[in-house]
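These notes are about the structure you will find just below.
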Amino acid sequence: MTTTELAKSFEPHTLEQSIYASWERSGYFEPSGIGDGYCIVIPPPNVTGSLHMGHAFQDTIMDALVRYHRMQGCNTLWQPGTDHAGIATQMVVERQLEREGLTRHDLGREAFIERIWQWKKESGGTISRQLRRMGTSLAWSRERFTMDEDLSSAVREVFVRLYEEDLIYRGKRLVNWDPILHTAVSDLEVVSEEESGHLWHIRYPLMSGEGYVVVATTRPETLLGDAAVAVHPEDPRYHALIGQAVELPLTGREIPIVADDYVDREFGTGCLKITPAHDFNDYEVGQRHGLPLINVLDHSAAIDLPTSPYHGLDRYIAREKIVSDLETQGLIEKIDEHRMMVPRGDRSNAVVEPYLTDQWFVRAAPLAAPAIRAVEDGRIRFVPDNWQRTYFEWMRNIQDWCISRQLWWGHRIPAWYDHEGNFFVARTEEEATAQARAHHGHDTTLHQDEDVLDTWFSSALWPFSTLGWPEQTASLKALYPTNVLVTGFDIIFFWVARMIMFGIKFTGEVPFHDVYVHGLVRDADGQKMSKSKGNVLDPLDLIDGIELEELVKTRTSGLMQPQMAQQIEKTTRRQFPDGIASYGTDALRFTFASLATQGRDIRFDFGRIEGFRNFCNKLWNATRFVIINTEGHDPGTQQATDLDSPERWILARLNSVTGEVIASTEQYRLDLVCQTLHSFVWDEYCSWYLEIAKIRLANEPNEDRAQAVRQTLLSVLETALRLLHPLMPFITEALWQRITPLTGLTGPTIMTQPFPATDALRENQDAVADLDWVKAVVSAVRNIRGEMDIEPRKRIPILLQSENSADISRIEQYQDLISELARTKPLAMSTPDDATPECATALVDTLRVMVPLGSLIDRDAELARLKKELKRLETERSKCEGKLANRQFIERAPDVVVVKEKNRLEQTVNAIDELIQQRQRVEGLLG
RNA sequence: AGGCGCGUAGCUCAGCGGUAGAGCACUUGCUCGACACGCAAGUGGUCGGUGGUUCGAUCCCACUCGCGCCUACCA
């Protein structure tokens, strides 16, 4: 035995990290520079964030694709990097400051930004460390960050060009305003959910002095900014009032009653107050009727009317006060309970306020048109393809994109203002100064726009900015357009659509050819994983394992809502009473890959990961077996030409499996790849071929033939390792390196070995048919043994009977194999004429497999077994007969199907006859 | 209000026009020299419901019931 004997079981943590380090050190992750380009850009995670299950899942898919193509000989780049996550990161650092009793304004912009860079430096390594633990083959030397200087200059370049083409404009518009974060957010960053509220019916007295109209509103405090009351032009109830005026309560202002068919006559009173500065619809109505925009809120959503008694009150406090004042004046007609959609900021959870401010916008429609075309004409393909509907739906109704954010952390907008309010958009301050000089005829002082760009603006450039754009770099030429974007459906709008628009606009080409849209990882109950729910799993906890107490601690610390801690602790203890076992990276990756189906929800199932950890161990031990049986024999993999059928069979199977793996990978069906490889390795290679090899190596006197078995053991294993490598990189590397010396192959790593290819010469129908038959015969004996409760170790006598010459020659050829696999005494042939003892019988097509009853077998058990088998056959027969009795079937079904059905019936009927006779014989025995 | 997805074995999921599959769980045996993270043999499904197309439907179509998601301006 050698000193490098494998451990008895697979222990992932002993090898993963050193293997990864050696890959990285050797530069295997970097593009080779040879072959067709294959490029994936990683969806950049938040630089200060950490890896969650969704990332881990997505990264598994990308790494599998990348490793596969690298082995296929492509010039492969998986581009790593992170984004600056404007709002999220700024919030985190502001919260840190809060603990010190400071705000960002106390520090000032420069110091605050410095502080964020500091935080990035401290926490920024987390995510790349975690990615490394996942085994990702990212080209780390090319790692990018959206705020790197070159990427920032790409951002400015894009901004300026869009501005120059009038595709970016600045304007005072209603935007979604987050009154806690004090910034505009885009419509995508607003999540509306139904909440309960009230519908207040308020009387607005008519100026004529005769009565009042009643308006219904969910937001009485905005009354202060009303500019009109609107009714439907064809509403007979209010027809006479159109053109009249009402007195706006609490303000004494006079506002008109206008007619607009936006009003829904059925809703509320059919009479609507119009607040153009605080509601998107009212804004439109206001535009149509030339109404003034009356802003009544400040940037924290408190009332901003210095002359009013409500000045300075928060919107909800003001609401209460206004309602009570109205009540005092008898102006509240009624208050109804009301369910309504409430828009909240996805980060702050604050109720978002439509708010009138100066912002920068991207004119989206002209950019969308070519982006729509790219998908329509197939230059970009969604996988699964129904996601293109979602894409089209949004793109065809696209709204202008508000890109300015009132934050400090991000790409500052490259626009400079003079004191007159003119602004100059330029790549640099010098250029802006020059523009200003040209404008004014002399130098003026300028100051840069305070706002930064939406993080998604820079993300939209990611596929080409990371490759060096706007420089025409070699990487850009070789690797752009990238091949596939792997992403979740939740960011199709945020990111995918915008990359397509900007990619086409600035490179003239699509940014990627395929968009592979995967599902979202959920917990075992189907719940979305989130820190606040306390159901997150850290991929590293699955890799390394975690004690229950530790898990409870991480799940309950740092909560936004500390009152949830108890509940979270309880469910955690219930769900993971023993903590989480250590499964290793390969098992985790294989699990993710197996879950990469076409669906939307991916429930993480611990049964799966445990099963795949066992699979790793199986592979490990199969390798041990192969090593033990080949070491010292120098078999090589140079396959002998004259192989016996078990070898021809397993090689043929390997060949089909290779074809299936390639096809499934190309279709992004990694779940099928898993299934195929799992069942090949476990059910065919280990359960059958290894067992056959044991027998042959023990009994084979011919050394050449024994060597052929050893070669086959090795070469099938070696090939299987390469097939598995994209999914399970660590164990396959470890085992491959271990067996390489035995195979005579050389090469420093499995990573850069060629991916297996199919070879028509390996196909072998005859060997496959023969081995299927051998397996069926062995299974028949094992079935009798199992059902009869015969000791597994005990050799039993069996008789074989057949008139079929194929059966007879197969028996001749495989008798030793069958007898060993089924643990029988030497096979005995008999003819139907022979007087046969009473037997337990099973049929393999035309072959009768019989185990003499004797003392071994229980007569009742055999009768029960026969009964069960007969029942199965009889249902089958009646199905067949039913079909064949149908004239339509005979006439219309394809001939092959009809013939098949006839054969099936014949076989079934024969089998039934056989078994009935057998039953009679057994019944004839006296019990 | 529109759009989409899902409903297959106890659980998690494949299959999607010609004999219902996998993993886990379950039952019964096994300290056989690779592996108990294992071996062998089993149990378990009117493929959500109703109708239609078809010689034939888990698969295609229509309707329907449940669950979920995404878009949308009903105050």
Side-chain angles (χ1 to χ4, degrees), chain A residues 6 8-10 192 199 215-219 222 230 262-264 266-275 279-284 338 340-341 384 386-387 389-390 393-394 397 489-490 492-493 519-520 524 526 581 583 587 591 594-595 597-629 669 671-672 674-675 678-679 683 686-687 690-691 694 779 782-793 823 868 875-876 879-880 882-883 886-894 896-898 900-901 904 908:
Chain A
L6 292 182
K8 220 174 139 104
S9 60
F10 173 51
S192 290
L199 195 58
V215 300
T217 180
T218 56
R219 302 205 53 197
T222 62
Y262 161 69
V263 179
D264 178 353
E266 309 302 317
F267 189 88
T269 60
C271 198
L272 174 62
K273 70 191 219 36
I274 302 296
T275 324
D279 183 286
F280 290 101
N281 301 307
D282 291 7
Y283 181 86
E284 299 292 321
H338 185 60
M340 59 185 179
M341 298 298 276
N386 51 294
W387 286 109
R389 298 182 63 124
T390 308
E393 180 64 24
W394 190 68
N397 299 297
F489 57 81
D490 51 332
I492 289 179
F493 308 142
L520 263 32
Y583 297 104
T591 307
S594 77
L595 295 172
T597 59
Q598 309 266 49
R600 283 187 183 193
D601 295 330
I602 293 147
R603 286 186 191 224
F604 194 83
D605 177 18
F606 276 80
R608 282 309 254 295
I609 193 171
E610 192 177 335
F612 292 138
R613 182 197 57 189
N614 298 352
F615 177 59
C616 290
N617 191 240
K618 188 75 179 174
L619 185 64
W620 182 267
N621 275 287
T623 306
R624 282 186 73 213
F625 173 85
V626 172
I627 291 169
I628 290 166
N629 284 282
R669 290 302 305 272
D671 59 320
L672 301 182
C674 289
Q675 207 173 68
H678 185 274
S679 94
D683 304 335
C686 291
S687 293
L690 253 47
E691 295 306 318
K694 275 181 197 170
S779 297
R782 286 176 179 174
N783 171 273
I784 292 171
R785 188 197 286 277
E787 301 262 308
M788 297 296 139
D789 269 342
I790 303 169
E791 273 177 71
R793 299 278 298 135
R823 285 204 75 79
K868 195 168 79 183
T875 9
E876 190 152 316
K879 267 195 204 163
C880 277
K883 278 193 184 177
N886 183 346
R887 163 155 299 183
Q888 307 266 42
F889 174 73
I890 307 285
E891 282 168 9
R892 303 204 191 173
V896 269
V897 175
V898 176
K900 212 169 116 188
E901 209 62 31
R904 185 146 71 100
T908 311

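Chain naming here is simple, since letters A, B, ... match the order of the sequence lines and numbering starts at 1 in each.
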Out of B:G29, B:G18, B:A14, whichever nucleotide has its closest atom nearest the side chain of A:D671 | B:A14
P atom, B:U19 versus B:C13: distance in rounded Å?
-> 27 Å
Do any N or O atoms from the side chain of A:N397 and from the backbone of A:E393 form a donor-acceptor pair under 3.5 angstrom?
-> yes
Polar pair under 3.5 Å, donor/acceptor by atom type, side chain A:E787, base B:A40 = no
Using a cut-off of 4.0 Å on non-hydrogen atoms, how would the nucleic acid contact of A:L672 be classed: base, sugar-phosphate, or nothing?
-> sugar-phosphate
Give A:V626 one of three labels, base, sugar-phosphate or nothing, depending on what nucleic acid heavy atoms sit under 4.0 Å from its own.
-> nothing
So what does A:T218 hit on the nucleic acid, given a heavy-atom distance under 4.0 Å: a base, only sugar-phosphate, or nothing?
-> sugar-phosphate
Ignoring the backbone of A:R600, work out which of B:G38, B:G68, B:U19 is nearest its side chain.
-> B:G68
Sugar-phosphate only, base, or nothing, as touched by A:E876 at under 4.0 Å among non-hydrogen atoms | base
Give A:R613 one of three labels, base, sugar-phosphate or nothing, depending on what nucleic acid heavy atoms sit under 4.0 Å from its own.
-> base
How far does the P atom of B:U71 sit from the matching atom of B:C59, given to the nearest Å?
-> 32 Å
Gap in Å between the two C1' atoms, one belonging to B:A9 and one to B:G44, rounded = 6 Å
Ion pair present between A:E876 and A:K879, side-chain N to carboxylate O less than 4.0 angstrom?
-> no
Side-chain N,O (A:T597) to OP1/OP2 (B:A14) below 4.0 Å = yes
Distance, C1' atom - from B:U50 to B:C65, rounded to whole angstrom = 10 Å
Any chance you could measure A:L595, atom CG, to A:R603, atom CZ, to the nearest 0.5 Å?
-> 12.0 Å
Have a look at A:Y262 and say if it touches a base, only the backbone sugar-phosphate, or nothing, with a 4.0 Å heavy-atom cut-off.
-> base
Indicate, with a heavy-atom threshold strictly under 4.0 Å, whether A:C686 touches base, sugar-phosphate, or nothing.
-> base
Of the listed nucleotides B:C30, B:C37, B:A75, the one nearest the side chain of A:F267 | B:A75
What is the nucleic acid contact for A:K900, judged by heavy atoms within less than 4.0 Å: base, sugar-phosphate only, or nothing?
-> nothing
Write down the distance between CZ (A:F606) and P (B:C37), rounded to a whole number of angstrom.
-> 19 Å
Please work out if A:D264 contacts a base, only the sugar-phosphate, or nothing of the nucleic acid, heavy-atom cut-off 4.0 Å.
-> base
Check whether any side-chain heavy atom of A:N621 sits under 4.5 Å from a side-chain heavy atom of A:R624, and report yes or no.
-> yes
Can you tell if the side chain of A:F10 reaches within under 4.5 Å of the side chain of A:T623, non-hydrogen atoms only?
-> no
Over how many whole Å does the gap from A:E891 atom CD to B:U54 atom P extend?
-> 15 Å
Judged by nearest nucleotide, the residue sitting upstream toward the 5' end of RNA chain B, A:W394 or A:S9, is A:S9
Can you measure from CZ (A:F625) to SG (A:C686) and round to the nearest 0.5 angstrom?
-> 9.5 Å
Please state the P separation for the pair B:C4 and B:G23 - nearest whole angstrom.
-> 36 Å
For atom P, what is the distance between B:C26 and B:C67, given to the nearest Å?
-> 32 Å
Among B:G18, B:A75, B:G29, find the nucleotide with the atom closest to the side chain of A:P792.
-> B:G29
Quiz item: A:R603 side-chain donor-acceptor pair to B:U12 base, under 3.5 Å | no
pair_partner(B:C11), Watson-Crick or wobble, both distances < 3.5 Å, evaluates to B:G23
Which whole number of Å gives the distance between the C1' atom of B:U27 and that of B:G10?
-> 14 Å
Between A:H678 and A:F615, what is the ring plane arrangement, given parallel below 30°, perpendicular above 60°, and tilted in between?
-> tilted
Could you work out which one of B:A41, B:G23, B:G68 sits closest to the side chain of A:D605?
-> B:G23
5'-most contact on RNA chain B (nearest-nucleotide basis), A:K868 vs A:S594, goes to A:S594
Any donor-acceptor pair under 3.5 Å joining the side chain of A:R608 to the base of B:C24?
-> no
Which part of the nucleic acid does A:R389 contact within heavy-atom distance under 4.0 Å: base, sugar-phosphate only, or nothing?
-> sugar-phosphate
So, is A:K618 near the phosphate of B:C37, with a side-chain N or O under 4.0 Å from OP1 or OP2?
-> no
So, does A:R785 use its side chain to make a donor-acceptor pair with the main chain of A:R823 at under 3.5 Å?
-> yes
Among B:A40, B:A72, B:C37, the nucleotide that comes nearest once only the side chain of A:R782 is considered = B:A40
Could you please name the option among B:A14, B:G5, B:G23 that lies closest to any side-chain atom of A:N386?
-> B:G5
Under 4.0 Å between any heavy atoms, over every strand shown, what does A:G519 touch: base, sugar-phosphate, or nothing? Just pick one.
-> nothing
Answer with base, sugar-phosphate or nothing: what part of the nucleic acid does A:K879 contact at a heavy-atom distance below 4.0 Å?
-> sugar-phosphate
Which nucleotide, B:C35, B:G68, B:A41, lies nearest any side-chain atom of A:D601?
-> B:G68
Using purine N1 to pyrimidine N3 plus N6-O4 or O6-N4 for Watson-Crick, or N1-O2 and O6-N3 for G-U wobble, both under 3.5 Å, which nucleotide pairs with B:G68?
-> B:C4
B:G33 and B:G17, which share atom name P, separated by this distance in whole Å = 48 Å
